[in-house]
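The figures that follow rest on heavy atoms only: side chains count, while hydrogens, waters and symmetry mates do not. Everything numeric here is computed off the predicted structure, so don't read it as measured data. Here is how names work: the chains are called A, B, and so on, in the same order as the sequence lines, proteins then strands, and each is numbered from 1.
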Number of protein chains: 2
Amino acid sequence: MSANTTLKQVATRAGVAWSTASYAINGGPKPVSDETRERVLQAARELGYSSNLLARGLVTGRGTMIGVLVPEMHSHLTSYQLSGVEEAAQQLGYIIMLSVYRSEIDSALLAQRNMAARRMEGIVCLFDTAGSLNGRLDGILTGLAEMDLPFVSTCHDPIAGVETDCFLVDHEQGGYLATCHLLEMGRRAIAFAGPPHLNAGRDRLAGYHRAHDEFGLRPHEELIMAPSACIAHLGEEVGEELFSRSLRPDAVFAASDNLAAGMLRSLRRRGMSVPDDVALVGFDDNPPLCDALDPPLTSVHCPLEEIGRASVHRLIERLNDPQNWCPQIRTLPCTLTGRQSA
Amino acid sequence: MSANTTLKQVATRAGVAWSTASYAINGGPKPVSDETRERVLQAARELGYSSNLLARGLVTGRGTMIGVLVPEMHSHLTSYQLSGVEEAAQQLGYIIMLSVYRSEIDSALLAQRNMAARRMEGIVCLFDTAGSLNGRLDGILTGLAEMDLPFVSTCHDPIAGVETDCFLVDHEQGGYLATCHLLEMGRRAIAFAGPPHLNAGRDRLAGYHRAHDEFGLRPHEELIMAPSACIAHLGEEVGEELFSRSLRPDAVFAASDNLAAGMLRSLRRRGMSVPDDVALVGFDDNPPLCDALDPPLTSVHCPLEEIGRASVHRLIERLNDPQNWCPQIRTLPCTLTGRQSA
DNA sequence: CTGAAAGCGCTTACAG
DNA sequence: CTGAAAGCGCTTACAG
């Protein structure tokens, strides 16, 4: 198959006019006799013709490519969102252009220009699911808004003055879910560990509180731990502190799988068993990680692929009917993936 | 900034001819007086002009986009390779088009056509690092070869009749590295666990043997375990069998981090300590996973980002000088990431 | 140093 | 039902 065959060559071989070949191949606005169409299609097949979508886009003024901006590639959060984006795009006949901005605003702005120069139809911009980028990278959103490209963003709080579609994880509901699960197991001294300076951390904690409220309980303040980041090592530290005090929790809701992993180390060191002595629920549901822990970790699953898919659907909806578009913010619910730790 | 401004508009505003504007902006083959250039650039700035790279590609016959085919998005192996690919492409002024083929040949073939239709300059095709796709997906490579698009593939054995650049992980050397490390620690009964039906598994085992050879040792046959896949659960099973026998290993080289994680569970159940009783080395070096284990896992690191970068560099080298290109197969070495398990 | 003209591969009114 | 022509936004010989 040669990608360099042109429509003109196909037409010549089929013995028809250039435009007729186009009509036959695209089933264009003009009718073509069955016989002619067959001749053209046959010629196209023989030549391995593949029509140049870039040239078509130039004349129709509409292409089939959308840009995707991601903060980093090394996170399963990005992978899952990207997977959803790609899947939906492919299904709708679009192809995606990928650019990693490494959580740097200048890099993102440059990527936007690179995409605009290649005439993307629109852009999907992913942020950090945990919201650690929230606020810090507002400039990306305003930059996007200044171009005349339609875009949708995920996992970043909407900002004033920027009209855009936006898909978010319902961290509060996720926290609620995890806590309810532990409460329903009969646990009454449930510790929480999560970074308070992150949007996601705050929201998950809010869910934790709502669950307690509904059960008519009030968690002891000492049970709320605030590690500065979601890494295993800090989970371990938090565990050390939590389990060396007189007030012993019988469950922990860790606002991240990594934190839970560290917690597990600390519990083991003290000879406490999970879930019998202490039940444990994580957040993120990173499968290889959760399955690898001992015991495998029950964790809150974020709707990342759904967010990716929804973003693309929404973007293309807008492209197809720009008149009736208006900005929309949607928050998607989490689910609980049960394993053995709770 | 409006992406829809045309060169003609810029020229009009600057009061010069259409072609002159082009020369001024691209620093084309023709000289332009400083004054004229400044006027054009000024007009471009005012209009927020961004030249249409797609239209340029149409006339120059050369674009700035390369396609990337990946088997799946949910693996850190894909993420790391993709990260390298994106980084190198961006650095060289290219932008990448991403398509996930979900380890299905038809899907990959379709993606190839989608890319050809959008006139990619070339394609980077990633396979499964562990080589589980080897052989099963030869059709992708032959499909690629049948198009006239230059391509490079990674992590799939080259196949007869297909001339292409190819970048591979040196699994044998990785296995050698891990085993030497354990041998140098003084361990003499080193078990191996890895899937024998995978290329990577076989190669890693070969490295294990070479290391023993160099130390003048011969590992006992009973120490070589063959789980059917690299998942934690099977690692646990292998561990159960390995440590219930009379011949007790004092170290294990697990051909995957997941396997090692399962092994750890089994060791714990028997009250054996790592690394004191049994030293453990994994393979893949998946950071969040290795850091989360107890103890954190020493693991063989595959040069995935390097492979991604190298693929792009090689592809573009070829694009820049197609005459002097000839197919090249390169195998990149692994390194050992030391943590606490060995 | 500057401009008029042809052409990249396509689509789509406009005539026949 | 089929064809000749203009035009999408650009570059690049070819003349001045």
Value in whole Å for how far the P atom of D/dG3 lies from NZ of A/Lys8: 15 Å
Presence of B/Ser33 side-chain N/O under 4.0 Å of C/dT2 phosphate oxygens OP1/OP2: yes
Residues A/Glu86, B/Arg102: salt bridge by 4.0 Å N-O rule: yes
Contact list for residues 111-130 of chain A, test ring pair (Phe, Tyr, Trp, His ring centres under 6.0 Å), sequence neighbours left out: A/Phe127-A/His156
Exam field: side chain B/Ser103 to backbone B/Glu72, donor-acceptor pair closer than 3.5 Å: no
DNA chain D contacts among residues 52-59 of chain B, heavy-atom distance under 4.0 Å: B/Asn52, B/Ala55, B/Arg56, B/Leu58, B/Val59
Contact list for residues 57-77 of chain A, test ring pair (Phe, Tyr, Trp, His ring centres under 6.0 Å), sequence neighbours left out: A/His74-B/Tyr80, A/His76-A/Tyr80
Distance in angstrom units between A/Arg119 CZ and C/dG9 P, rounded: 20 Å
Distance, rounded to the nearest Å, where A/Arg37 contributes CZ and D/dT2 contributes C1': 13 Å
Side-chain donor-acceptor pairs of residues 88-101 of chain B under 3.5 Å, sequence neighbours excluded:
unit_1	atom_1	unit_2	atom_2	d
B/Tyr94	OH	B/Arg62	NH2	2.6
B/Tyr101	OH	B/Leu126	O	2.7

Closest listed nucleotide, where the reference is the side chain of A/Tyr23 and the choices are C/dC8, C/dC14, D/dT12: C/dC14
Presence of B/Thr60 side-chain N/O under 4.0 Å of D/dT11 phosphate oxygens OP1/OP2: no
Stems involving DNA chain C, each a run of at least 3 consecutive Watson-Crick or G-U pairs under 3.5 Å: C:1-3 with D:14-16, C:5-12 with D:5-12, C:14-16 with D:1-3
Distance below 4.0 Å between B/Tyr49 side-chain N/O and D/dC10 OP1 or OP2: yes
Distance, rounded to the nearest Å, where B/Glu35 contributes CD and C/dC1 contributes P: 12 Å
Those residues that, when tested against B/Ser79, pass side chain to side chain contact (heavy atoms under 4.5 Å, CB included) (two or more places apart): A/Met73, A/Ser79
Side chain to side chain contact (heavy atoms under 4.5 Å, CB included) partner of B/Val152, the single match among B/Cys125, B/Cys166, B/Ser311: B/Ser311
Under 3.5 Å: donor-acceptor pair, side chain of A/Arg318, backbone of A/Arg314: no
Distance, rounded to the nearest Å, where B/Leu7 contributes CG and C/dA4 contributes C1': 15 Å
Nearest listed nucleotide, side chain of B/Thr6, among C/dT12, D/dG9, C/dC1: D/dG9
C/dT2 phosphate, OP1 or OP2, under 4.0 Å from B/Ser19 side-chain N/O: no
B/Glu38 and B/Arg45 ion-paired at < 4.0 Å: yes
